[in-house]
Amino acid sequence: MLAEYAVRVENSRGRRHPEPEHPYRTAFQRDRDRVIHARAFRRLEDKTQVFTRRYSDHFRNRLTHTIEVAQITRTVAAALGLNVDLAEALALVHDLGHPPFGHSGEKALDAAMRAHGLFFDHNLHALRIVEDFEQRYAAFRGLNLTFEVREGIIKHSRDYDAAQHPELAEYLLDQRPPLEAQLIDLTDEIGYNTADLDDGFEAHLLTLDQIRSGVPVFEHFFREVEQTYPDAPDKLKFNEALKGVFNRLAGDLITNTQARLKQDGIETLADVRLHKERLAAFSPEVEVQRKQIKDFLYENLYYSPSLAEEKDDAERIVTELFSFWMENPSALPHYYQEKAAQESLPRVVCDYIAGMTDHFIIEQYEKHCGG
Ligand code: MG
């Protein structure tokens, strides 16, 4: 069933530490399962996506967002004849490196690091988690994932400059990632763009009229729904219209990527890797619609005054705790104090904070900064 341009597990460049084959699972299936069984994966349950638990228990958190992205990714990857196991593993791991408190936490952590001439990047952090921090096996540190999964962690959403990142040299930075990895950035966006409209509406931070007038593709499907179900409650009309948007984005990603592969004469994985640009993409028309949704969410939800106070709290908590441990390294857990002997203190404090759940960091803040 695999297309010629898909990644084949039998051609994997393998693991850092060779392991015997598993009787029932391929190497990519095992990688997917290793991610699911990782502690960092379980912690996603208590990491903010956009809304904290203050709003409701049925909004997305980073774990349920991740599961939704994996679902979309499996569908798109299968339709394109790609390696679904690899794509699914990459979807499940894609947010593993996110710190607590969503974007605000990431921004504050990066700012704290920049004061020391360093920076925080969630893709690089995810690589550190799977290479080093997860400790499950007696024979090696980390999860010992295949090359293709590690490469996808680094390259799914952005390109890294080889001169700036000599430590990433093994990941073929001069080549495009396989399509299985290219997809993730787009399926991630399909996931959060539709989910954030949904949760924003449910939280009463976005009104139906606001979404209808601000998101043309939503309005298009809403009008159709009004014709078909004129008497349905607004919330169900909303759901049906959002489903239309969702299917348009995912369907277009499939058909447009297929068309581009054909048009550019892409036949093999080497063609994908050596192509001048990424091939997984929305069509120009749907790209405009995608951007309209994203701009709408930035203007009306992510920067909404209702979320401002929570974001300020998040930034203050991360910033103050970072300073606290910089000034009081002996208050760090023993494991991190040992690490500070080998690595710079800001990096160790950053690693510690980045791994925390929302709940745990608030507890630490109350303990050390008098909350
Ligand atoms: Mg994501």
Side-chain angles (χ1 to χ4, degrees), residues 16-17 38-41 43-44 47-48 62 93-137 140-145 150-151 153-171 173 314-358 360-370:
R16 279 197 200 291
H17 309 277
R39 268 169 57 158
F41 186 77
R43 289 200 301 263
L44 295 175
K47 292 201 182 207
T48 295
R62 222 167 256 286
V93 81
H94 90 277
D95 268 353
L96 208 67
H98 273 277
F101 299 141
H103 185 67
S104 318
E106 183 168 19
K107 202 173 116 196
L109 197 52
D110 184 56
M113 288 293 274
R114 283 185 193 271
H116 299 277
L118 300 163
F119 64 94
F120 176 78
D121 173 294
H122 65 258
N123 292 337
L124 298 179
H125 188 70
L127 189 66
R128 288 162 71 75
I129 292 173
V130 303
E131 287 269 78
D132 187 27
F133 305 158
E134 287 289 326
Q135 294 184 51
R136 301 180 55 81
Y137 305 102
F140 42 76
R141 291 184 69 90
L143 301 179
N144 197 30
L145 301 177
R150 285 179 282 124
E151 181 198 20
I153 288 173
I154 290 302
K155 288 160 71 173
H156 72 271
S157 61
R158 54 163 289 195
D159 300 316
Y160 289 85
D161 183 62
Q164 274 176 348
H165 293 278
E167 79 281 10
L168 301 177
E170 67 180 298
Y171 296 114
L173 296 182
E315 288 190 26
R316 193 184 63 250
I317 290 171
V318 170
T319 307
E320 287 187 20
L321 269 176
F322 193 98
S323 302
F324 170 78
W325 278 307
M326 284 303 296
E327 286 155 25
N328 304 279
S330 62
L332 284 166
H334 189 66
Y335 170 81
Y336 288 93
Q337 291 187 40
E338 278 183 351
K339 285 215 123 187
Q342 303 138 22
E343 285 188 279
S344 78
L345 184 61
R347 178 59 65 195
V348 171
V349 171
C350 176
D351 284 343
Y352 185 39
I353 290 178
M356 292 179 184
T357 59
D358 291 8
F360 187 75
I361 196 172
I362 289 170
E363 214 175 75
Q364 292 298 305
Y365 183 73
E366 284 167 357
K367 183 171 161 194
H368 297 299
C369 305

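The first residue of the sequence shown is numbered 1, and numbering continues consecutively from there.
Atom NZ in Lys367 sits 15.5 Å away from atom OH in Tyr365 (nearest 0.5 Å). Note that CD1 of Ile129 is 10.0 Å distant from NE2 of His98, once rounded to the nearest 0.5 Å. A distance of 13.5 Å separates CZ in Arg43 from CZ in Arg62, rounded to the nearest 0.5 Å. The distance from atom CG of Leu96 to atom CZ of Arg128, rounded to the nearest 0.5 Å, is 13.5 Å. With rounding to the nearest 0.5 Å, the separation of CD in Glu343 from SG in Cys350 is 10.5 Å. Between atom CG of residue Leu345 and atom CG of residue Leu332 there is a gap of 6.5 Å, rounded to the nearest 0.5 Å.
Leu118 has its side chain within reach of Ser344: a pair of non-hydrogen atoms, C-beta onward, lies under 4.5 Å apart. By the 4.5 Å heavy-atom criterion applied to side chains, Pro100 and Asp358 are counted as neighbours. Looking only at side-chain heavy atoms (C-beta outward), Arg347 and Met113 come within less than 4.5 Å of each other.
Under a 3.5 Å cut-off, the side chain of Arg150 and the backbone N or O of Leu145 do form a donor-acceptor pair. Looking at Glu134, its side chain does come within 3.5 Å of a backbone N or O of Ala40 through a donor-acceptor pair. A distance-only check finds no donor-acceptor pair linking the side chain of Asp110 to the backbone of Asp121 [under 3.5 Å]. Under the 3.5 Å distance criterion, the side-chain polar atoms of Asn328 are matched with a main-chain donor or acceptor of Phe324.
Ring orientation note: the planes of Tyr352 and Tyr336 are tilted relative to one another, at an angle of 30° to 60°. Ring-plane geometry between Trp325 and His368 is classed as perpendicular, the angle between the planes exceeding 60 degrees on a 0 to 90 degree scale with a lower cut at 30.
For the pair Leu127 and Ile153, the tightest heavy-atom approach, listed with the atom from each and the gap, is N-CG2, 3.9 Å. When every heavy atom of Gly97 is checked against every heavy atom of Phe120, the shortest pair comes out as O-CZ, 3.4 Å. Nearest heavy atom pair, residue Arg114 against residue Phe119, reads NH2-CB, 3.5 Å. Taking each heavy atom of Val349 and Met326 in turn, the nearest pair found is CG2-SD, 4.1 Å. For Ser157 against Asn123, the heavy-atom pair with the smallest separation is OG-ND2, 3.0 Å.
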Check your understanding: Between Glu315 and Phe101, does a side-chain contact (heavy atoms from CB on, under 4.5 Å) hold up when you go through it step by step?
Key -> CA-CA 8 Å; Glu315 288 190 26; Phe101 299 141; over 6 Å; no
Point to revise | Verdict with supporting geometry, Leu143 and Tyr137, side-chain contact (heavy atoms from CB on, under 4.5 Å) | key: CA-CA 8 Å; Leu143 301 179; Tyr137 305 102; 4.3 Å; yes
**Study point:** Stepwise side-chain contact (heavy atoms from CB on, under 4.5 Å) check, Arg141 with Glu131
**Key:** CA-CA 7 Å; Arg141 291 184 69 90; Glu131 287 269 78; over 6 Å; no
Check your understanding: Step by step, would you call Gln364 with Ile353 a side-chain contact (heavy atoms from CB on, under 4.5 Å)?
Key -> CA-CA 10 Å; Gln364 292 298 305; Ile353 290 178; over 6 Å; no
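Just one of Glu170, Gln164, His165 meets the side-chain contact (heavy atoms from CB on, under 4.5 Å) condition when paired with Leu168; it is His165.
The pair Asp351-Lys339 does not meet the salt-bridge criterion, since no charged nitrogen lies less than 4.0 angstrom from a carboxylate oxygen. Salt-bridge formation is not detected for the pair Asp95/Lys47: no Lys NZ or Arg NE/NH1/NH2 atom is positioned less than 4.0 Å from an Asp or Glu carboxylate oxygen.
Heavy-atom neighbours of Arg316 CZ from other residues, nucleotides or ligands within 6.0 Å: above the threshold of 12.
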